[in-house]
Amino acid sequence: MDIIKKLTGKNPTEYEVVAKSLVDNSDVELFAKLVKQDDFLFDFIKDNVAKRIQSACNKDNYLNLLAFLKYYSPSYDTMIARVLYSFSGDELLPEMKELFLNGTEAEKAYAVKYFSFVQQEFLSDMLPLLRKTSKSDFEPLAMNSIEVLSLLKDEVSKAEALSNLESLDEFVKFDAVKFLVTYQAKDCLDKIVETMKYSTFAENIAAEIPYLLSFEDMFQQDSDSALLVLCNIINAIPEIIPISSVCDFCLYEVFNKLINEQLTSTVAVALRLAKDKFEELCSNDEYLFDADKNTKDEVQEINELLKKVNTKKLESFFYDELYDESDFVFFALDFVSEIEELETLLDSNNETLILKVLTLLKEKSSMTSEHKNLALQKVFSPNIRSVVEVL
């Protein structure tokens with residue numbers, strides 16, 4: 001029987017022996033094989049393996065884990081760092097600082113995770129380098145560095161990220177959002193949501209936000225902002241956001257809450273968007289083919305829940321979002337059938353909105369040359385004008 005299967009299996013007489021041998025013998029080859037399996041093992045299995053390895057560690061063998069640091073895994077970094085710190089306290093700090101300065105990217109990432117257990121006053125000399133590694137192309141090193149900067153309450157790096165939200169470069173803005181989310185800068189939520197509203201990466205940014213604040217807490221703070229984040233997330237599943245996010249973000253509970261609340265125009269838009277999306281996900285086996293059982297069950301349950309939503313009852317609410325300043329206008333447009341309502345938006349000052357309206361009119365075989373002429377009087381961007389002209 002494959003030794004990895006024993007370590008990940010359900011039989012204590014097998015996995016305890018393998019875990020003990022792994023640590024006692026500092027079996028780097030086996031650990032490297034285990035790390036290679038990361039993408040093929042469910043999270044709960046990796047959690048079990050981490051607990052088994054931790055249980056096999058003691059004061060006589062824990063230093064053997066140092067040999068594993070060349071092989072990075074986010075599934076085992078916290079466990080390894082915790083074991084090293086619990087048995088050594090701060091005694092290993094000089095060695096871990098040396099790894100952080102001169103080790104491989106993997107070793108640096110483990111070293112920084114170890115720093116997250118260390119007393120903060122011992123890390124002040126590491127601040128400049130942590131700020132640098134928080135921008136590393138090796139994501140685990142960057143994320144671990146940001147977590148330590150947060151523990152150290154480093155206002156310099158936080159202020160830089162906030163400033164980068166104003167960048168003209170969408171990639172810089174998105175990196176700033178990821179920094180602030182990992183930093184757990186909850187006081188920056190409003191600025192992140194504002195960044196999302198006007199970003200071409202709106203859906204990517206939306207997918208980060210629930211890791212900063214749960215939907216339950218977002219709804220308590222600002223329900224319309226929470227709904228706008230929700231709409232962007234729904235739109236992005238599964239092309240941008242993995243379908244497993246329905247479990248990560250507790251979307252069943254979110255939709256159940258909305259169904260049982262007083263209906264408003266923003267709630268109506270979110271529910272209609274969700275109803276269509278989950279019906280689509282469940283009608284095409286391709287979407288759920290690679291999903292685990294929990295995700296499949298959750299998607300099916302959400303779809304059954306949303307079937308209770310009366311689509312006709314929602315329709316009259318959509319028109320309340322058909323104005324320039326609405327954050328929900330682009331979502332609401334997809335559910336509007338009256339041509340007259342669409343035509344009024346051709347007088348918008350938002351060129352992208354005008355293009356969207358024209359596209360919808362064409363899809364409904366209702367676009368006229370007058371519509372195009374009206375649009376061209378309001379559109380000055382060369383790229384959008386060229387699209388309008390060929391519609």
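Any value given below was found using the heavy atoms of this structure, including those in side chains, with hydrogens, waters and symmetry copies removed. Just so it is clear, the model here is predicted, and its values are computed rather than measured.
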Residues 169-179 vs salt bridge (Lys or Arg N to Asp or Glu O under 4.0 Å), sequence neighbours excluded, gives Glu170-Lys173, Asp175-Lys178
Just wondering, do Leu391 and Leu361 contact through their side chains at under 4.5 Å, heavy atoms? no
Check the hydrophobic clustering (I, L, V, M, F, W, Y; side-chain heavy atoms under 4.5 Å; chains of links allowed) and say if Ile339 and Leu358 are grouped together. yes
Give me the ring orientation class for Phe201 and Phe171: parallel if the planes are under 30° apart, tilted from 30 to 60°, perpendicular past 60°. perpendicular
For residues Leu227 and Phe328, determine if any side-chain heavy atom of one lies less than 4.5 Å from a side-chain heavy atom of the other. yes
For atom CD of Glu239, decide whether the heavy atoms of other residues, nucleotides or ligands shown that lie under 6.0 angstrom number more than 12. yes
Pairs flagged by ring-ring contact (aromatic ring centres under 6.0 Å, His included) wherever residues 294-318 is involved - sequence neighbours left out: Phe318-Phe335
If you count heavy atoms of other groups shown closer than 6.0 angstrom to NZ of Lys296, is the number above 12? yes
Does Lys51 have more than 12 heavy atoms from other residues, nucleotides or ligands lying within 6.0 Å of its NZ? no
Counting N and O atoms only, with roles assigned by atom type, does the side chain of Ser163 sit under 3.5 Å from a partner on the main chain of Ala159, one being a donor and the other an acceptor? no
Provide the full list of salt bridge (Lys or Arg N to Asp or Glu O under 4.0 Å) pairs with a residue in residues 211-236, sequence neighbours left out, each pair given once. none
For the residue pair Thr359 and Glu363, establish whether any side-chain heavy-atom pair is separated by less than 4.5 Å. yes
With sequence neighbours excluded, give me every salt bridge (Lys or Arg N to Asp or Glu O under 4.0 Å) pair touching residues 69-91. Lys70-Glu107
ring-ring contact (aromatic ring centres under 6.0 Å, His included) contacts touching residues 202-253 (sequence neighbours left out): Tyr211-Phe249
Pair Glu261 + Lys257: basic N to acidic O under 4.0 Å: yes
Would you tell me whether Lys378 and Asn349 have side-chain atoms, one donor and one acceptor, within less than 3.5 Å of each other? yes
Pairs where residues 379-391 contributes a residue and the test side chain to side chain donor-acceptor pair (under 3.5 Å) is met, not counting sequence neighbours: none
Whether the side chain of Lys158 engages the backbone of Ala185 through a donor-acceptor N/O pair (distance < 3.5 Å, no angle test) should be reported. no
Under 4.5 Å between side-chain heavy atoms, counting indirect links through other Ile/Leu/Val/Met/Phe/Trp/Tyr residues: same cluster for Tyr15 and Tyr76 or not? no
Quick one, Leu360 and Val357 - any side-chain contact, counting heavy atoms below 4.5 Å? no
Is a side-chain donor or acceptor of Ser245 paired with a backbone partner of Ile241 at a separation under 3.5 angstrom? no
With heavy-atom distances below 4.5 Å as the criterion, would you say the side chains of Ser116 and Asn144 are in contact? no
If you count the non-hydrogen atoms of other residues, nucleotides and ligands that lie under 6.0 Å from CD in Glu155, is the total more than 12? yes
Pairs involving residues 103-132, ordered by first then second residue, that meet ring-ring contact (aromatic ring centres under 6.0 Å, His included) (sequence neighbours left out): Tyr72-Tyr110, Tyr85-Tyr114, Phe100-Phe115
Please identify each residue that fulfils side-chain hydrogen bond (donor to acceptor under 3.5 Å, both in side chains) with Gln37, with sequence neighbours left out. none
Identify the heavy atoms of Val148 and Val112 that sit nearest to each other, and give their distance. CG2-O, 3.4 Å
Under a 3.5 Å cutoff, is there a donor and acceptor pairing between the side chains of Ser145 and Ser134? no
Tell me whether Val118 is reachable from Leu66 by hopping between hydrophobic residues (I, L, V, M, F, W, Y) whose side-chain heavy atoms are closer than 4.5 Å. yes
More than 12 non-hydrogen atoms from neighbouring residues, nucleotides or ligands closer than 6.0 Å to CG on Asp60, yes or no? yes
Lys/Arg N to Asp/Glu carboxylate O, Asp297 vs Lys293, below 4.0 Å: yes
Between the main-chain N or O of Ser167 and the side-chain N or O of Asn164, is there a donor-acceptor pair closer than 3.5 Å? no
Test item: Ser136 and Glu105 side chains (from C-beta on) under 4.5 Å apart, heavy atoms: yes
All pairs passing salt bridge (Lys or Arg N to Asp or Glu O under 4.0 Å) where residues 130-143 contributes a residue, at least two apart: Arg131-Asp154, Lys135-Glu160
Would you indicate whether Glu286, at its atom CD, is surrounded by more than 12 heavy atoms from other residues, nucleotides or ligands within a distance under 6.0 Å? no
Which donor-acceptor pairs under 3.5 Å do side chains of residues 298-307 form with protein atoms, sequence neighbours excluded?
unit_1 : atom_1 : unit_2 : atom_2 : d
Asn303 : OD1    : Glu279 : N      : 3.4
Glu304 : OE2    : Lys307 : NZ     : 3.0

Between Val388 and Leu355, is there a side-chain heavy-atom distance shorter than 4.5 Å? yes
Minimum heavy-atom separation for Cys231 and Leu273, please, with both atom names. O-CD2, 3.4 Å
Where the side chain of Asn25 meets the backbone of Asp27, is there a donor-acceptor pair that is under 3.5 Å apart? no
Tell me whether Gln120 contacts the main-chain N or O of Leu151 through its side chain, where contact means a donor paired with an acceptor under 3.5 Å. yes
Tell me, which pairs form a side chain to side chain donor-acceptor pair (under 3.5 Å) where one or both residues lie in residues 322-348, sequence neighbours left out? Lys197-Asp327, Tyr319-Glu338, Glu321-Ser326, Asp324-Ser348, Asp334-Lys356, Glu343-His371
Going by the rule ring pair (Phe, Tyr, Trp, His ring centres under 6.0 Å), which residues pair with Phe289 if we only count those two or more places apart in sequence or in a different chain? none
Trace of the ring-ring contact (aromatic ring centres under 6.0 Å, His included) decision for Phe31 with Phe68: CA-CA 7 Å; Phe31 186 74; Phe68 300 158; 4.6 Å; yes
For the student: nearest non-hydrogen atoms of Val181 and Gln184, plus distance: O-NE2, 2.7 Å
Ignoring hydrogens and geometry, is there a side-chain-to-backbone donor-acceptor pair from Thr295 to Ser244 under 3.5 Å? no
Exactly one of Leu251, Ile209, Leu271 should register a side chain to side chain contact (heavy atoms under 4.5 Å, CB included) with Leu230. Which one does? Leu251
Do Arg272 and Val309 come close enough that some side-chain heavy atom pair is under 4.5 Å? no
Can a donor-acceptor pair be found, under 3.5 Å and without considering hydrogens, that links the side chain of Ser366 to the backbone of Lys364? yes
Expected output: side-chain Lys108 to main-chain Leu99 donor-acceptor under 3.5 Å: no
Please check this pair: side chain of Arg52 against backbone of Leu7, looking for a donor-acceptor N/O pair closer than 3.5 Å. yes
Path from Leu180 to Val172 over hydrophobic side-chain contacts below 4.5 Å: no
